[in-house]
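Along the sequence shown, the residues carry numbers beginning at 1.
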Amino acid sequence: MFERNERMAFLIIVGVYGLLVSGPLSAQGLLFTRTDYNVGSGPESVAVGDFNLDNKLDLAVANEASHNISILLGNGDGSFQAGSMVGAGVNPTALAVGDFNMDNRLDLVVANGGSNNVSILLGNGDGSFQAPFLFGVGRGPGAVAVGDFNNDGKLDLAISNDDSDDVTILLGNGDGTFQWASSPGAGGVPTGVVSGDFNFDGKPDLAVSNSFTNNVSILLGNGDGTFQAATNFGAGRAPRAIAISDFNGDGIQDLVVANRDSNDVSVLLGNGDGSFLPAQSFDAGLAPRAVAVGDFNNDGKIDLAVANSFSNNVSLLLGNGDGSFQPAQNFDVGIFARAVAVADFNFDGKQDLAVANEASNSMSIMINATP
């Protein structure tokens with residue numbers, strides 16, 4: 001996978017990072033405090049959930065180089081306990097959360113880029129997980145989305161495979177196991193996938209960011225676990241990740257992709273029929289690799305959080321409510337920021353950030369202290 005060659009060129013000197021507490025970080029009115037936590041080697045992805053049923057948010061982190069998952073249990077005040085490790089497959093690159101066996105305990109699905117499969121880790125409800133079940137997918141799985149694609153009330157999976165240029169659909173049996181359904185084609189080197197209903201027909205669709213062909217593929221769902229042929233819409237250069245929200249308040253789902261090689265994000269406003277307007281670009285940091293959505297200034301308008309790998313920071317772009325965004329406000333994190341998640345970790349009504357730093361083997365927790 002070309003991704004690993006790029007990373008090796010960047011990982012020149014990596015120190016051993018312990019718990020680090022930084023002072024307040026502010027930019028143009030936003031204020032965050034940062035604390036870093038150790039995880040495994042080469043964290044690539046982060047997901048949020050309550051894994052021990054204590055009503056406090058926890059983190060799961062996919063560590064590609066150490067072939068495992070770090071579980072950081074939250075204390076409910078914005079701090080986290082030291083991470084415990086659970087096994088996954090070879091080179092886990094992405095993960096997502098769902099209740100795959102319908103026992104009201106959160107489980108994990110992990111895309112393993114080095115073994116061309118996904119691991120299903122069933123949760124025990126106490127923060128621990130059972131040994132993984134493995135299910136084969138395409139070549140080079142790099143992202144995973146969860147949804148009910150055949151409308152049977154059981155969670156299914158969509159995995160983008162950046163070496164086979166397709167998306168594997170695994171239909172859930174409701175007991176934590178999955179069956180292969182199809183592998184619809186996407187663009188060149190698909191690296192991100194999300195699920196939404198882009199044409200208002202009540203059937204889940206897929207949006208896939210394609211790093212090599214510089215576009216987004218829309219795969220409209222048929223409601224039975226199959227999808228129509230892809231329709232493509234332009235983005236920036238080397239789009240690496242994709243997220244979904246309503247950026248202009250019209251009730252129609254829109255898309256945003258983080259473009260690694262053009263140092264920006266592309267916003268594609270939806271028309272409500274499965275098509276999208278031409279992309280609008282907004283500058284981020286250097287080599288943005290992940291994007292998430294939230295409302296960081298509590299003005300009721302959707303904002304963007306972008307993890308920038310080469311500038312080692314997170315860009316926050318405040319939304320204007322019409323699909324456009326203000327200039328980026330940047331906040332330092334660890335080395336090679338690779339993934340970002342948004343949640344309220346201290347229950348103060350403000351949205352915080354969790355950033356996976358691949359080269360410093362750490363998670364930066366950014367607590368929103370904006371007045």
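Side-chain atoms of S262 come within 3.5 Å of backbone atoms of R237 as a donor-acceptor pair (strictly under, hydrogens ignored). Under a 3.5 Å cut-off, the side chain of K56 and the backbone N or O of L73 do not form any donor-acceptor pair. In this structure, the side chain of N263 does not engage the main chain of L286 through any donor-acceptor pair within 3.5 Å. D205 contributes a side-chain N or O that, together with a main-chain N or O of G221, makes up a donor-acceptor pair within less than 3.5 Å. A donor-acceptor pair is defined here as one N or O able to donate and one able to accept, closer than 3.5 Å; no such pair exists between the side chain of N117 and the backbone of F135. Side chain of N63 to backbone of G42: no donor-acceptor contact under 3.5 angstrom is found. In this structure, the side chain of D50 does not engage the main chain of L57 through any donor-acceptor pair within 3.5 Å. For the pair T213 (side chain) and G188 (backbone), a donor-acceptor distance under 3.5 Å is present. With hydrogens and angles disregarded, a donor-acceptor distance shorter than 3.5 Å links the side chain of Q253 to the backbone of D197. H67 places no side-chain N or O within donor-acceptor distance of the main-chain N or O of V90, the cut-off being under 3.5 Å.
The two residues I69 and A62 make their nearest non-hydrogen contact at CD1-CA, 3.7 Å. Of all non-hydrogen atoms in S70 and G40, the two that sit nearest each other are OG-N, 3.2 Å. Summarising the geometry of N361 relative to S41, their closest heavy-atom pair is OD1-CA, 3.4 Å, with the distance given to 0.1 Å. Counting all heavy atoms, side chain and backbone alike, G225 lies closest to I169 at O-CG2, 3.6 Å. Contact detail for A328 and S315: the closest heavy-atom pair is CB-CB, 3.8 Å. Between G187 and D165, the closest heavy-atom pair is O-CB, 3.5 Å.
Among L255, V256, L206, the one residue that satisfies the side chain to side chain contact (heavy atoms under 4.5 Å, CB included) test with V194 is L255. If you run side chain to side chain contact (heavy atoms under 4.5 Å, CB included) between F100 and each of L106, L108, V146, T177, only V146 comes through.
Distance CG/D250 to CG/D322: 11.0 Å, rounded to 0.5 Å. Rounding to the nearest 0.5 Å gives a distance of 13.5 Å between CD1 of I252 and CZ of F247. Distance check: F296 CZ to Q329 CD gives 11.0 Å after rounding to the nearest 0.5 Å. Of the inter-residue distances, the one linking E44 atom CD with R338 atom CZ reads 4.5 Å to the nearest 0.5 angstrom. Rounding to the nearest 0.5 Å gives a distance of 7.5 Å between CZ of R105 and CG of L53. How far CG of L317 is from CG of D283: 8.5 Å, rounded to the nearest 0.5 Å.
Looking only at side-chain heavy atoms (C-beta outward), V110 and P132 stay at 4.5 Å or farther from each other. In this structure, V314 and L316 have side chains that are in contact, with non-hydrogen atoms separated by less than 4.5 Å. At least one side-chain heavy atom of M363 sits less than 4.5 Å from a side-chain heavy atom of V46. Between I365 and L59, some side-chain heavy-atom pair lies under the 4.5 Å cut-off. Put simply, the side chain of F129 reaches to within 4.5 Å of the side chain of I71, judged on heavy atoms. Side-chain contact check for L318 versus L30: some heavy-atom pair is nearer than 4.5 Å. You'll find the side chain of L219 stays beyond 4.5 Å of the side chain of T231, heavy atoms only. In this structure the side chain of I159 reaches within 4.5 angstrom of the side chain of L170, judged on heavy atoms.
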In sequence, state the C-alpha distance, the side-chain angles, and the governing distance for Y37 and L72, and then conclude on side-chain contact (heavy atoms from CB on, under 4.5 Å).
-> CA-CA 9 Å; Y37 295 86; L72 285 73; 3.9 Å; yes
Begin with the C-alpha distance, continue with both residues' side-chain angles, and end with the deciding distance and a verdict on side-chain contact (heavy atoms from CB on, under 4.5 Å) for V48 and D58.
-> CA-CA 6 Å; V48 179; D58 312 311; over 6 Å; no
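In this structure S266 satisfies the side-chain contact (heavy atoms from CB on, under 4.5 Å) test together with A235, V257, N259, L268, A279, S281, sequence neighbours excluded. When the side-chain contact (heavy atoms from CB on, under 4.5 Å) test is applied to D352, the partners found at least two apart in sequence or on another chain are D344, F345, N346, I367, N368.
If you chain together hydrophobic residues whose side chains sit under 4.5 Å apart, W180 and L155 fall into the same group. Taking hydrophobic clusters as Ile, Leu, Val, Met, Phe, Trp and Tyr residues chained together by side-chain heavy-atom distances below 4.5 Å, F325 shares a cluster with V306. Hydrophobic cluster membership is shared by V340 and M366, with clusters built from Ile, Leu, Val, Met, Phe, Trp and Tyr side chains linked at under 4.5 angstrom. Taking hydrophobic clusters as Ile, Leu, Val, Met, Phe, Trp and Tyr residues chained together by side-chain heavy-atom distances below 4.5 Å, I302 shares a cluster with F282. Residue L304 is grouped with residue L277 when hydrophobic side chains (ILVMFWY) are merged at heavy-atom distances under 4.5 angstrom, including chains of intermediate members.
N150 and D224 are not linked by any side-chain donor-acceptor pair at a separation below 3.5 angstrom, with hydrogens and angles left out of the test. Judged by distance alone, the side chains of T191 and N210 never bring a donor and an acceptor atom under 3.5 Å apart. Looking at D166 and N161, their side chains do bring a donor and an acceptor atom within 3.5 Å of each other. No donor-acceptor contact under 3.5 angstrom links the side chains of N330 and S311, judged on distance only. A side-chain N or O of N173 and one of Q179 form a donor-acceptor pair less than 3.5 Å apart. A donor-acceptor contact closer than 3.5 angstrom is absent between the side chains of T93 and N112.
Note: F178 and F133 fail the aromatic proximity criterion, with ring centroids not under 6.0 Å apart.
Atom CZ of F233 has more than 12 heavy atoms from other residues, nucleotides or ligands within 6.0 Å.
Taking 4.0 Å as the cut-off between side-chain N and carboxylate O, K154 and D156 do not count as a salt-bridged pair.
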